[in-house]
Amino acid sequence: MSSYDESDAFEGASLAARAMAARGAPYLDELNPAQRAAVEALDGPVLMLAGAGTGKTKALTARIVHLLNTGRARPNEILSVTFTNKAAREMKDRVGRLLGQSIEGMPWLGTFHSICVKLLRRHAELVGLKSNFTILDTDDQVRLMKQLIQAAGIDDKRWPARMLAGIIDNWKNRAWTPANLPASEAGAYDGKGPQLYALYQARLKELNAVDFGDLLLHVVTIFQTHDDVLQQYQRWFRYILVDEYQDTNVAQYLWLRLLAGAHKNICCVGDDDQSIYGWRGAEVGNILRFEKDFPGAHVVRLEQNYRSTPHILAAASGVIAGNKGRLGKELWTEAEEGEKVRLIGHWDGEEEARWIGEEIEAMQGGTRGMRPIRRDEVAILVRASHQMRAFEDRFLTIGLPYRVIGGPRFYERMEIRDAMAYFRVVTSPSDDLAFERIVNTPKRGLGDKAQQTIQRIARANGVPLVQGAALAVEQGEIKGKGGTELARLLDGLTRWGRLIGDASVSHVELAEMILDESGYTGMWQNDKTPEAPGRLENLKELVKALEQFENLQGFLEHVSLIMDNESDDTEEKVSIMTLHAAKGLEFPAVFLPGWEDGLFPSQRSMDESGQVGVEEERRLAYVGITRAEEVCTISFAGNRRVFGQWQSALPSRFIDELPEAHVEVLTPPGLYGGGYGAAGMGGVQSSIDARVAEANVYNSPGWKRLQARAGQRPVAQPGEARNTVIDMKAVSSHSVGERVFHQKFGYGAIIGIEGDKLEIDFEKAGTKKVVARFISAADDIPF
DNA sequence: TGTACATCGTTTTTT
DNA sequence: ACGATGTACA
């Protein structure tokens, strides 16, 4: 095994020395008793159950400082893992601030993935890789799989590459290699999954590449098969800290358990109530089982909340109490009572957006005795990103500045990935995937056929594609325009490659040269689509980002793991984001729209995971409510356009679970008398009327009656919600028994309604199911 | 190779 | 509704 970097040890020692010299421990005095207990229990396993807003990061960073201050470990002997770069950055900043200096000396504070890259580069040869392996992102991954699938003669219509990528990702999350894949998985992907998995891994090895899942999996494999390596790291990492432990998957769990196995100085911080990533492999079980995994573990609960008002906390607690198998926490606060959680129902999604827009504007001036709330203190948290649209539309028309958080990341954009592929080919000419990406971008007249020729020649000679392409040109296998263009590209690649180490050209200039001379910039300049200017702008930003790195390789190395996109504009804007994206954030005012059964909790989640799914959705509700500091407004709409169809739905079952004492029901303006009953005008079935009326009830003082009834419906029966989604278009315009006309089938009577489809008994054509929009009422026909 | 039309599948997302 | 993706045809 290679020795540890001298520099790590050196920097570490000097930092530790300075930390020690800082003397005293003011950071301990700032902690509450629970936090302090968590910080001072340095040795042995510790589980810090940190509720939302209870000062978890504060405790975690204080713990690191305390480890240093007491001389337990030097900075480079502490392994401290997070999930996101953002969390890692924040921890570094805060530890640095506590120590009064920057934290260069903590090389092992980072994300699971970045730490695994470091480890894997040191030991790559143990899993058959070279230490300069490339890291593929999801896009590369799928393209590679597509090739394998086609080569295997599988119809990728029925069995899409994305699906296989998802399956393999899941396997990797569970730390299943092709060799130890359980028999239960044999049938995956039409029975060809296991075989393709093995093939895919072999191909990655050939390409000297890994995907994200491999980073963890390979390191776990190394630890499991090379005890000497494992032992060295067990000794080296004297203390381990884990953030967001409830989000760890099996591979990460194994990784941690292996590393902590000897000394068991592991401190896991998390909140089982905020586990919302089960669908991507996170195992809440990891945190629930902690005390069994580490007998004698010290469990500390952080329950004093510094974020929200008592009403908000009580509402959140009331909802989360519906989950079983919790470790159990009760948040409390010393804050003043404040506003109750506000609940409001609307006729449809547009009205909901309109009302929220107006409410935000009213808040700027301060409503009902509340302090004025700035736009950037407001967040709208939605379950699914398609809900954002209504808000964007509305806010654009009223000119309310907003910002959407999440969405496609900078480094995932097409133009950025193309540019990076150019850089990759230039810095490592054997990067076949990158070459494939750029060989015909911009269009060089190198279609499928030319690319196959290149592949064939490269394979026949056992060389990478770039060399294969060179041979193809030499041998005159690619003729005409394509040949000339390819020759020019190859020429450029060699020229740029020579300039890499050249002191007369900075890497930033080189990057610009590559993009210009390859014709890539020109391609977008000539593009007349509206997004072209934005893409050119992004390319400029990419080049600017390069300045912060020493060279192209250094840049590529970092960028493959850093996918975040901090926007630097400072205008006060309302934030719109998904509930998932909101985890870890907080806002004075939070709007939670779309609380309808089927949307939230999401139908899919319930169908696929049943009770477990509902519980995860409930945790999502809990996360949403606990983001709010001062005012939290929950809303639902009776009708909503989903996939172009009007659908009506019941208010979310989570609304039933809000404790009445902490909720104020608002009445939307312009809701006269019958309100939701309006849908019944067309003579709708009574059962539908009843459901719509039930929705209406939330807007009135009669909401309380429903609260009383809520006990009869503590948890939804499977399949219940499915029946509650009713096509409003069908509801408002047709009803069973109605006489109708169809252009092709003539007259008939409706005998059933199913979504947008009507079952009709036609006088001449018999019983048929037809789409509602082809139907008109019989007396509408003008002849 | 490029463009026009059809078809499909639509939760959540980090690294 | 809508966007991504694939197929048919110029």
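These figures come from a predicted structure and were not determined experimentally. Excluded from the calculations below are hydrogen atoms, water molecules and symmetry mates; all remaining heavy atoms, backbone and side chain alike, are included. Lettering follows sequence order; numbering is per chain, from 1.
Counting any heavy atom pair closer than 4.0 Å across all strands shown, D214(A) reaches no nucleic acid atom. Contact annotation for L381(A): no contact, since no heavy-atom pair falls under 4.0 Å across all strands. Nucleic acid contact for G406(A): none, since no nucleic acid atom lies under 4.0 Å from a heavy atom of the residue. Residue contacts for E608(A): at a heavy-atom cut-off of 4.0 Å it reaches a base atom on one of the strands shown. At a threshold of 4.0 angstrom between heavy atoms, the contacts of F643(A) include nucleobase atoms, whether or not backbone atoms are also involved.
Nucleotides of DNA chain B nearest to H386(A) and G447(A) differ in position, and the one nearer the 5' end is that of G447(A). Each of L446(A) and S605(A) was matched to the nucleotide of DNA chain B holding its nearest heavy atom; the match closer to the 5' end belongs to L446(A).
Rounded to an integer number of Å, the gap from L136(A) CG to dT15(B) P is 17 Å. In this entry the distance linking CZ of F600(A) with P of dT12(B) reads 13 Å, nearest Å. N170(A) has its CG atom 13 Å from the C1' atom of dT13(B), to the nearest Å. Separating the NZ atom of K583(A) from the P atom of dT11(B) is a distance of 21 Å, rounded to the nearest angstrom. When the P atom of dT11(B) is taken as reference, atom CG of L579(A) falls 16 Å away, rounded to whole Å. Protein atom CZ of R383(A) is 11 Å distant from nucleotide atom C1' of dT13(B), rounded to whole Å. Going from atom CZ of R619(A) over to atom C1' of dT12(B) covers 13 Å, rounded to whole Å. The interatomic distance linking Q645(A) (CD) with dC2(C) (C1') rounds to 13 Å, in whole Å.
Between K583(A) and D247(A), some side-chain heavy-atom pair lies under the 4.5 Å cut-off.
For dT12(B), the base is stacked against the aromatic ring of W279(A), per a cut-off of 5.5 Å between centres and 30° between planes. Residue Y277(A) and nucleotide dT12(B) are not classified as a stacked aromatic pair, given the requirement of ring centres less than 5.5 Å apart at an interplanar angle below 30°.
Between T248(A) and N286(A), the side chains place a donor N or O and an acceptor N or O closer than 3.5 Å (distance only, hydrogens not considered).
Between H218(A) and F133(A), the distance from one ring center to the other does not fall under 6.0 angstrom. Ring centroids of Y253(A) and W255(A) are separated by 6.0 Å or more, keeping the two rings apart.
Contact between the side-chain N/O atoms of R604(A) and the OP1/OP2 oxygens of dT11(B) is found at a separation under 4.0 Å. OP1 and OP2 of dT11(B) both lie 4.0 Å or more from every side-chain N or O belonging to R280(A). One finds a side-chain N or O of T578(A) lying less than 4.0 angstrom from the OP1 or OP2 phosphate oxygen of dT13(B).
Atom CZ of R280(A) sits about 11.0 Å away from atom CG of D169(A), to the nearest 0.5 Å.
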